[in-house]
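The structure displayed is predicted, hence computed values, not measured ones.
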Amino acid sequence: MGRNKKRALYLFTGLLIFFGGLLAVGGVGVYNDSEQYITMHIHREPLYPLYLAAFRAVFGEGYLTAAMAGQGILTAVGITALTEYLTRRFGLRLWEELLLVGLQLLPHLITRYVSALHIFLENSVMSEGLCIPLFTIFVYFLLRMLFEGKGRDAVAALFFAYLLSMTRGQMMTTILLWALLLGIRILLIKKYRMLFMCASAVILVFLLRDLTVHVYNYGVTGYFMGNTYGQVNTLTNVIYACDEEDREVFAEGDLEQAFFDSFYRKSMEQRLNYVYAGDSFDERAAYLEENHDILKFRILEAELSAYYFGLGEVDYYEQSSMSDEMAGKMIKKLLPACFGQWLYDYILLCRNGFVRSIAVVHPLINFVALFLYLLAAGLLLRQMIVKRRFQAAVVMGTALLFIIANVCATSMTIMCLSRYMIYGFSLFYIALYLLIREACENKMLWKDLGGKK
């Protein structure tokens, strides 16, 4: 067995011990959202419920423990693959390889000891437990595609982007990221005819995703329909940004106006409107994040479901679909009327999302996060424009583009909780280290730490 294969095997074994130890100490984490995945709820994307169902079919009563062990194994596979590839690509020393491993383990520790939920994601019955390793493997193939230009890596990266989109809706951004980066590479090598293939692949994957969701929901519910509730999520932040006069966008006396009047009146009674949010950026962002779910569940969902169930002969799936359809109609009319306030709130959510992608929201740490983003962008431009060196810049560019897409997409529908933002954390810091290393690799520091290569 070659030296590289031995190192990879040792690393993989160590990671298995690490995640196995976490599972043994912490056990299986079951939370509020877990039941929806277990019962294959219409609101949830198909892959994680199917993942749990497969373990249930094989292992019976103990399937959750087996499924969590599977998440740990898959995470170990992803970390090992990405670490070993970057180690070979950048000629990293052993201590640098271990640093990359540590950076990839940090999100698992942050969500346990820093975030509000205090959970080990890989031991939790939550889609993030599967989504994180899938994202790591996606990044592995994406970087291989960019650096080596092999078609099989492009296909593999797109396949994992499809799997990610089937695990969490926000991860449809990985499909667009794949298309953007491959498109840039095609333009650089001047094979313009391949742009048509790239665009066609993206369209086909989105169509395949939509078809898969519909077929899955038909098998589970008997209805050939997509996932519901996304529009209600989005309408929540729109209602939050409204004033009373915005009711005028609806025809007098119609159902949409009746819903708006009820939503607005109850939101004001319960202080679930932007006017109660405070003065500072921090206060306003925190207020919206704290009250989004309250407004959504206690008012919007309660009102919509009560009305449609009240029609009689309507089951849960029909009600859910009707509620989503009504929310979509209301968004189209309301958003232009309250766009200024909605956009302000959206920017606040994005700001917190950008911070949480690489740090923790805090008045002092926010400035540290801004400095790190500026440092990363500055080093990226310096290496590309001044030094004409692109390897580390490619990794950082990938990290920044994903963070931007993830934050902007998530903020459209809900607040940017840490567990939604955690995907870009490790990639950003790995890329930042590689940029700093590349910029300073001729300095005495590197010779002192590891000697000349």
Side-chain angles (χ1 to χ4, degrees), residues 7-9 11-16 18-20 22 47-48 51 68-90 92 96-112 120-124 126-147 153-168 170-175 177-178 181 357-358 394-403 405-406 418-434:
R7 284 172 60 170
L9 180 60
L11 172 56
F12 180 66
T13 303
L15 290 169
L16 287 181
F18 175 79
F19 287 111
L22 290 181
L47 188 58
Y48 195 57
Y51 172 83
M68 299 307 100
Q71 290 174 185
I73 293 170
L74 193 59
T75 304
V77 169
I79 292 175
T80 301
L82 182 59
T83 302
E84 290 304 301
Y85 179 70
L86 292 175
T87 296
R88 293 193 305 272
R89 185 78 197 182
F90 287 87
L92 303 182
E96 294 174 294
E97 184 177 0
L98 295 176
L99 175 63
L100 264 57
V101 173
L103 289 173
Q104 292 175 83
L105 292 179
L106 270 178
H108 304 279
L109 301 177
I110 288 173
T111 52
R112 176 65 179 87
F120 286 123
L121 285 175
E122 297 312 315
N123 299 346
S124 303
M126 302 177 72
S127 61
E128 287 83 3
L130 182 61
C131 208
I132 287 176
L134 290 178
F135 179 73
T136 305
I137 297 171
F138 163 73
V139 170
Y140 164 72
F141 283 114
L142 187 68
L143 292 178
R144 287 181 62 96
M145 176 191 81
L146 295 175
F147 286 131
D153 293 322
V155 172
L158 183 57
F159 173 70
F160 277 96
Y162 163 74
L163 293 182
L164 284 165
S165 75
M166 296 292 293
T167 310
R168 289 199 63 83
Q170 77 190 72
M171 300 304 279
M172 284 190 282
T173 53
T174 57
I175 301 173
L177 179 64
W178 177 89
L181 292 176
S357 295
I358 62 171
V394 166
V395 183
M396 179 54 79
T398 301
L400 291 177
L401 285 172
F402 170 75
I403 288 173
N406 189 40
S418 295
R419 64 189 176 99
Y420 303 152
M421 298 295 104
I422 204 69
Y423 302 100
F425 182 95
S426 297
L427 183 60
F428 175 83
Y429 284 105
I430 287 172
L432 183 60
Y433 172 73
L434 294 175

Worksheet item: Between the side chain of Trp178 and the main-chain N/O of Phe159, is any donor-acceptor distance below 3.5 Å?
Response: no
Discussion item. Using only atom types and a distance under 3.5 Å, with no angle test, would you say the side chain of Asn406 pairs donor to acceptor with the backbone of Gln170?
Written reply: no
Discussion item. Could you measure the distance from the CD1 atom of Ile137 to the CD1 atom of Ile79? Nearest 0.5 Å is fine.
Written reply: 10.5 Å
Fill in: Leu177 side chain reached by Leu142 side chain, heavy atoms, under 4.5 Å
yes
Worksheet item: In Å, rounded to the nearest 0.5 Å, how long is the span from OG1 of Thr75 to CZ of Phe19?
Response: 5.0 Å
Response to the item:
Value for CG (Leu11) from CG (Leu16), rounded to nearest 0.5 Å, stands at 9.5 Å
Practice prompt. State, to 0.1 Å, how close Thr167 and Cys131 come at their nearest heavy-atom pair, and which atoms those are.
Written response: CG2-CB, 4.0 Å
Worksheet entry | Close side-chain approach of Arg419 to Met126, heavy-atom, < 4.5 Å | yes
Worksheet item: Do the side chains of Leu432 and Met396 get nearer than 4.5 Å, heavy atoms only?
Response: yes
Worksheet entry | Ring centers of Phe18, His108 separated by less than 6.0 Å | no
Discussion item. The criterion is ring-ring contact (aromatic ring centres under 6.0 Å, His included); which residues satisfy it with Tyr420, sequence neighbours excluded?
Written reply: none
Worksheet item: Partners of Thr83 by side chain to side chain donor-acceptor pair (under 3.5 Å), sequence neighbours excluded?
Response: Gln104
Practice prompt. Identify, with sequence neighbours excluded, every residue that meets side-chain contact (heavy atoms from CB on, under 4.5 Å) alongside Tyr51.
Written response: Tyr48, Phe55, Ala67, Gln71, Leu130
Discussion item. Parallel, tilted or perpendicular, judged at 30° and 60°: which one describes the rings of Phe147 and Phe90?
Written reply: perpendicular
Response to the item:
Applying side-chain contact (heavy atoms from CB on, under 4.5 Å) to Ala81 and not counting sequence neighbours gives Tyr140
Fill in: Separation between CG of Leu92 and CG of Leu86, rounded to the nearest 0.5 Å
7.0 Å
Discussion item. I'd like to know whether Phe160 forms a side-chain contact (heavy atoms from CB on, under 4.5 Å) with Phe135, so could you lay out the CA-CA distance, the side-chain angles of the two residues, the decisive distance to 0.1 Å, and finally the verdict.
Written reply: CA-CA 8 Å; Phe160 277 96; Phe135 179 73; over 6 Å; no
Worksheet item: Do you know which two heavy atoms are closest between Glu128 and Leu121, and how far apart they sit?
Response: CB-CD2, 4.0 Å
Review item, side-chain donor-acceptor pairs of residues 421-429, under 3.5 Å, at least two apart:
residue: Ser426; atom: OG; partner: Leu103; partner atom: O; Å: 2.7
residue: Tyr429; atom: OH; partner: Ile358; partner atom: O; Å: 2.5

Practice prompt. Look up atom OG1 in Thr174 and atom CG in Leu158, then write down how far apart they are to the nearest 0.5 Å.
Written response: 8.5 Å
Practice prompt. Quick one: pull up CD1 in Ile132 and CZ in Arg168 and give me the separation to the nearest 0.5 Å.
Written response: 10.5 Å
Worksheet item: Run the side-chain contact (heavy atoms from CB on, under 4.5 Å) check on Leu164 and Leu47 step by step: do they pass?
Response: CA-CA 8 Å; Leu164 284 165; Leu47 188 58; over 6 Å; no
Worksheet, complete the sentence: Taken in chain and number order and not counting sequence neighbours, the residues that satisfy salt bridge (charged side-chain N to carboxylate O under 4.0 Å, His left out) with Glu122 are none
Worksheet item: Considering all heavy atoms of both residues, which atom of Leu105 and which atom of Leu15 are nearest to each other, and what is their separation?
Response: CD2-CD2, 3.9 Å
Response to the item:
Test side-chain contact (heavy atoms from CB on, under 4.5 Å), reference Thr136, set Val77, Thr80, Leu74, Leu82, output is Leu82
Worksheet, complete the sentence: Across all chains, not counting sequence neighbours, the side chain to side chain donor-acceptor pair (under 3.5 Å) partners of Arg88 are none
